[in-house]
Number of protein chains: 2
Amino acid sequence: MPKPEVDPTVQLELSVDRGSPVPLYFQLSQQLESAIERGVLTPGTLLGNEIELAARLGLSRPTVRQAIQSLVDKGLLVRRRGVGTQVVHSQVKRPLELSSLYDDLEAAGQRPATKVLVNTVVAVSAEVAAALGVAEDSEVHRLERLRFTHGEPMAHLCNYLPPGLLDLDTGQLEATGLYRLMRAAGITLHSARQTIGARSATATEAERLGEQTGAPLLTMQRVTFDDTGRAVEFGTHTYRPSRYSFEFQLLVRS
Amino acid sequence: MPKPEVDPTVQLELSVDRGSPVPLYFQLSQQLESAIERGVLTPGTLLGNEIELAARLGLSRPTVRQAIQSLVDKGLLVRRRGVGTQVVHSQVKRPLELSSLYDDLEAAGQRPATKVLVNTVVAVSAEVAAALGVAEDSEVHRLERLRFTHGEPMAHLCNYLPPGLLDLDTGQLEATGLYRLMRAAGITLHSARQTIGARSATATEAERLGEQTGAPLLTMQRVTFDDTGRAVEFGTHTYRPSRYSFEFQLLVRS
DNA sequence: TAGTGGTCTAGACCACATC
DNA sequence: ATGTGGTCTAGACCACTAA
């Protein structure tokens, strides 16, 4: 018997639509990802080899490889030379994204609300000028918001934006998140540098968040860059640790 | 004039060695990365087009694309259709890696030291069994360490490992980090799920770390998986926020 | 020894941005 | 209209793993 084991992808009814504007490799990777997420391809399963899969779908091997590689990059598959491609065991959720607190809360069904405390233009401080990479004598947008879930304060968000980058409408800011407004304005977010720490609440901070003076707070500072490398936002956030923690998936860099 | 601008990669003396076992695309990407890090290719620079670069190096276009793509994945380059490939502006340091505290400290020149408090085998608690995915009646390694820098306590590390995974020698644990021992034992780390939060120190915790009872502590919980998806470590760590914070670079997932 | 993924080639056509 | 990256093909040889 040449092949006692069955290629599990045979039973997947994979197919690609050459008329679609969606790239072929992407169509394939989506179908595979969906099969993995639905549990049709169970952890540990060895996929059939690339050549055969390519032949069955009428694709070239590089195209199939591109599809598989994208899932390897996402951490869903593992390739081993001489062995094959295997579905990774276990609870791989989502790798860490450059995410918006607002979007995260909304996705978790937490019904976030925002109260804008400050929305003005001010002269930059030295710290903010350094973080944003703007001249020391320029002006920046200053934004201060309280974020609520279930009517309870959860975080205090203080942000600075370079001048002229964006029109910041208080109404819009209370209806959605800052990142979404930036994306809507045609800004392509690219990367961010974050620092997460902790410290005791001052009297003002405690009052704002409904904590006691001296209570532990989770802090996050972030500078966000767009795809031209320009700093588009500097933020200093404080969170109530009883209501928020940072949770994420890391992949090993190869 | 057909080309008033000069392709900056021309002056880079790029070359590949076909006799080397190092893949051609990797040789190229390393040379480009080094040029970017040394500042020879400055931020904003537009690279010449892929076809020409391939011709000049005697490589095929897919090979050159593979080299460039790996740098795009690292966040060093940005491609724009119809425009070209550009060196990203700005202080892109290192993306978040699945990193070892010990290695991080050593790389930062902090001369870390470790004191092993507990190194035994115990019956699992329900929480640990769930995190590691082992049976409720099995045994696990339990590890408790204090991490010092400059002679001052910085973190308390409590870890659990599946039975039989690794020989844990107390001497080795005080000389290096847990991840390095796991890698040396042939374990390929693949991913981890982390939670970062904050809370007040209990009396015991405060005593261990040289803080006051009730002082804010930074906390991290992590489950690490190898490339077969098996959980290989579960850890609960607490840090003195005055001496440690989490700092990292995020890239937007495309 | 047989089968796998890893790498590489030399073309091709298309979509998009800019001029 | 031109030039860029995005996608795709149909092969090829090699390195590694396992039986």
Side-chain angles (χ1 to χ4, degrees), chain A residues 1-9 16-30 45-73 77-87 186 188 227-228 254, chain B residues 1-9 16-30 32 45-73 77-88 186 188 227-228 254:
Chain A
M1 285 184 287
K3 272 246 160 191
E5 304 256 336
V6 188
D7 178 347
T9 62
V16 293
D17 172 12
R18 301 194 92 95
S20 162
V22 178
L24 301 177
Y25 80 88
F26 194 74
Q27 294 184 34
L28 176 54
S29 72
Q30 279 193 319
T45 305
L46 214 48
L47 266 56
N49 76 57
E50 307 171 344
I51 318 254
E52 195 184 312
L53 181 55
R56 203 164 67 244
L57 290 170
L59 297 173
S60 71
R61 186 183 168 204
T63 301
V64 170
R65 273 186 70 79
Q66 193 175 0
I68 292 178
Q69 188 58 47
S70 73
L71 298 182
V72 171
D73 291 341
L77 297 177
V78 182
R79 298 178 126 130
R80 297 165 193 266
R81 183 170 358 196
V83 179
T85 304
Q86 220 174 354
V87 180
T188 308
D227 58 2
T228 71
S254 50
Chain B
M1 286 184 290
K3 271 245 161 190
E5 306 253 336
V6 187
D7 178 348
T9 61
V16 293
D17 172 12
R18 300 194 94 93
S20 161
V22 178
L24 300 178
Y25 79 89
F26 193 73
Q27 294 183 34
L28 176 54
S29 73
Q30 278 193 319
L32 290 175
T45 304
L46 214 49
L47 266 57
N49 75 56
E50 307 171 346
I51 318 255
E52 196 183 313
L53 181 55
R56 204 163 66 243
L57 290 170
L59 297 173
S60 70
R61 185 182 169 203
T63 302
V64 170
R65 275 186 69 81
Q66 193 176 358
I68 292 178
Q69 187 58 47
S70 73
L71 297 182
V72 171
D73 292 341
L77 297 177
V78 182
R79 296 178 128 132
R80 297 163 193 269
R81 173 150 37 176
V83 179
T85 304
Q86 222 175 352
V87 179
V88 167
T188 307
D227 58 0
T228 70
S254 49

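Sequence lines set the chain letters: A, B, ... in the order given, protein chains first and strands last, and positions in each chain run from 1. Everything quoted here is computed from the prediction, not taken from an experiment.
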request  = I would like to know whether A:L24 and A:R18 meet side chain to side chain contact (heavy atoms under 4.5 Å, CB included); could you show each step before the answer?
outcome  = CA-CA 7 Å; A:L24 301 177; A:R18 301 194 92 95; 3.6 Å; yes
Verdict with supporting geometry, A:T85 and A:V78, side chain to side chain contact (heavy atoms under 4.5 Å, CB included) = CA-CA 6 Å; A:T85 304; A:V78 182; over 6 Å; no
query = How long is the span from the CG atom in A:L53 to the CZ atom in A:R65, to the nearest 0.5 Å?
reply = 12.5 Å
task = Evaluate the side chain to side chain contact (heavy atoms under 4.5 Å, CB included) criterion for residues A:D227 and B:V88: first the C-alpha distance (whole Å), next the side-chain angles of each, then the deciding distance (0.1 Å), finally the verdict.
result = CA-CA 7 Å; A:D227 58 2; B:V88 167; over 6 Å; no
inquiry  = So, taking the atom named CG in B:L77 and the one named OG1 in B:T45, what distance separates them when rounded to the nearest 0.5 Å?
reply    = 10.0 Å
query = In Å, rounded to the nearest 0.5 Å, how long is the span from CG of B:L57 to OG1 of B:T63?
reply = 10.5 Å
query = To the nearest Å, how far apart are A:L53 CG and C:dG3 C1'?
reply = 16 Å
task = Please check if the side chain of B:Q27 supplies one atom and the backbone of B:V22 the other of a donor-acceptor pair under 3.5 Å.
result = yes
query = Between the side chains of A:Q69 and A:R79, is a donor N or O closer than 3.5 angstrom to an acceptor N or O?
reply = yes
ask   = So what is the end-to-end bend of the helix from C:dT1-D:dA18 to C:dT18-D:dA1, with 5 pairs used at each end and the value given to 10 degrees?
value = 10°
ask   = For every nucleotide of nucleotides 5-12 of chain C, 5' to 3': is a protein heavy atom under 4.0 Å from its base (B), only from its sugar-phosphate (S), or from neither (-)?
value = BBBSBB-B
